[in-house]
S.K.: 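Okay, here's the structure, questions in a sec.
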Amino acid sequence: MDIISRLSLVVKDCPDFPRKGILFKDIMPIFKDPDLVKDTCQTLVDKISEIEKPDVIVGIEARGFLIGPIMAQQLNAKFVPIRKKGKLPRECYSVKYEKEYGFDEFDMQIDALEENDKVVIVDDLLATGGTLEAAKMLCDKSGAKVIAHSVIFELEFLNGRDKLKDTPVISLVRYN
Ligand SMILES: O=P(O)(O)OC[C@H]1O[C@H](OP(=O)(O)OP(=O)(O)O)[C@H](O)[C@@H]1O
Ligand SMILES: Nc1ncnc2[nH]cnc12
């Protein structure tokens with residue numbers, strides 16, 4: 001079975017979570033299948049490699065942390081975290097943003113990236129694009145170059161790509 005079908009089979013739709021009117025995609029069952037985790041990361045890594053080899057994978061809390069470090073290992077790249085406000089010690093760049101079901105704020109340490117680092121931003125899912133747009137803003141503040149965004153799932157009907165139009169977006173399973 002191909003990777004898209006294998007992923008589609010395990011993801012669970014959760015209506016009205018975390019708020020009424022949101023159809024939440026629960027991706028956690030992926031992580032009960034080690035082969036599926038490995039193959040998902042390898043498929044994303046292969047697509048990234050077709051663009052350019054990155055120096056750094058920037059992973060977004062929380063679910064970007066589940067695949068980002070694995071992908072960084074597969075690419076022999078560094079891993080850098082973006083965390084929710086107040087979780088990282090030392091001086092940080094910060095950005096407020098809006099996502100599908102609320103507002104939030106991100107931090108990234110100011111010495112995490114170097115100028116001209118080639119970066120791929122990794123998360124589990126693209127919805128409205130507010131999260132990835134904010135993550136790119138933090139990378140831009142460091143002078144790094146974001147060469148792609150990489151997600152497993154994309155909710156195409158929310159048009160998140162419109163916010164990310166200058167940067168390629170890699171996604172495997174698209175819902176419309
Ligand atoms: O495209 P957007 O509309 O911005 O939404 C996408 C983001 O929403 C979810 O994270 P969430 O903020 O729920 O964080 P969590 O994983 O820490 O719970 C998801 O993991 C993405 O990071
Ligand atoms: N509908 C959704 N399901 C899972 N994660 C999300 N992040 C933003 N929207 C989401």
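Count residues from 1 along the sequence. Both counts, for ligands and for their atoms, begin at 1 and track the order of listing.
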S.K.: Which atoms of ligand 2 have any heavy atom of Ala127 under 4.0 Å away?
M.R.: 8 (C), 9 (N)
S.K.: For the residue pair Lys85 and Phe106, would you count it as a cation-pi contact if the rule is NZ or CZ under 6.0 angstrom from the ring centre and within 45 degrees of the ring axis?
M.R.: no
S.K.: Got more than 12 heavy atoms from elsewhere within 6.0 Å of NZ, Lys53?
M.R.: yes
S.K.: Check this for me, if you would: do Glu154 and Arg161 make a salt bridge, where the nitrogen-to-carboxylate-oxygen distance has to be below 4.0 angstrom?
M.R.: yes
S.K.: When you measure from atom 10 (C) of ligand 2 to every protein heavy atom, which one gives the shortest distance, and what is it?
M.R.: Glu100 OE1, 3.3 Å
S.K.: Inspect the contact between Glu61 and Arg83 and indicate whether a charged nitrogen and a carboxylate oxygen are less than 4.0 angstrom apart.
M.R.: yes
S.K.: Relative to the ring of Phe79, is the ring of Phe65 parallel (under 30°), tilted (30 to 60°) or perpendicular (over 60°)?
M.R.: perpendicular
S.K.: Pairs under 3.5 Å, N/O atoms on ligand 1 and on the protein: can you put them in a table with the distances?
M.R.:
residue: ligand 1; atom: 1 (O); partner: Ala127; partner atom: N; Å: 2.9
residue: ligand 1; atom: 1 (O); partner: Thr128; partner atom: N; Å: 3.0
residue: ligand 1; atom: 1 (O); partner: Gly129; partner atom: N; Å: 2.9
residue: ligand 1; atom: 3 (O); partner: Glu100; partner atom: N; Å: 2.9
residue: ligand 1; atom: 3 (O); partner: Thr128; partner atom: N; Å: 2.9
residue: ligand 1; atom: 3 (O); partner: Thr128; partner atom: OG1; Å: 2.5
residue: ligand 1; atom: 4 (O); partner: Gly130; partner atom: N; Å: 3.4
residue: ligand 1; atom: 4 (O); partner: Thr131; partner atom: N; Å: 2.8
residue: ligand 1; atom: 4 (O); partner: Thr131; partner atom: OG1; Å: 2.6
residue: ligand 1; atom: 12 (O); partner: Lys99; partner atom: NZ; Å: 2.7
residue: ligand 1; atom: 13 (O); partner: Arg63; partner atom: NH2; Å: 3.4
residue: ligand 1; atom: 13 (O); partner: Tyr101; partner atom: OH; Å: 2.5
residue: ligand 1; atom: 14 (O); partner: Lys84; partner atom: NZ; Å: 3.0
residue: ligand 1; atom: 16 (O); partner: Ala62; partner atom: N; Å: 3.4
residue: ligand 1; atom: 16 (O); partner: Arg63; partner atom: NE; Å: 3.3
residue: ligand 1; atom: 16 (O); partner: Arg63; partner atom: NH2; Å: 3.4
residue: ligand 1; atom: 17 (O); partner: Ala62; partner atom: N; Å: 3.3
residue: ligand 1; atom: 17 (O); partner: Lys84; partner atom: NZ; Å: 2.8
residue: ligand 1; atom: 20 (O); partner: Arg63; partner atom: NH2; Å: 3.4
residue: ligand 1; atom: 20 (O); partner: Asp124; partner atom: OD1; Å: 2.6
residue: ligand 1; atom: 22 (O); partner: Asp123; partner atom: OD2; Å: 2.4

S.K.: Does an N or O anywhere in Leu23 fall below 3.5 Å from an N or O of ligand 2?
M.R.: yes
S.K.: When Arg63 is tested against each of Asp26, Asp123, Asp124 for salt bridge (charged side-chain N to carboxylate O under 4.0 Å, His left out), which residue passes?
M.R.: Asp124
S.K.: With a 4.0 Å cut-off, would you call Asp13 and Lys25 a salt bridge?
M.R.: yes
S.K.: Between ligand 2 and Tyr101, is the shortest N or O to N or O distance under 3.5 Å?
M.R.: yes
S.K.: Which protein heavy atom lies closest to atom 3 (N) of ligand 2, and at what distance to 0.1 Å?
M.R.: Lys25 N, 2.8 Å
S.K.: Is it true that Phe157 and Ile27 fall in one hydrophobic cluster, defined by side-chain heavy atoms closer than 4.5 Å?
M.R.: yes
S.K.: May I ask you to check whether Asp46 and Thr43 show a side-chain donor-acceptor distance below 3.5 Å?
M.R.: no
S.K.: If you count the atoms of ligand 2 from 1 in the order shown, which ones are under 4.0 Å from a heavy atom of Arg63?
M.R.: 4 (C), 5 (N)
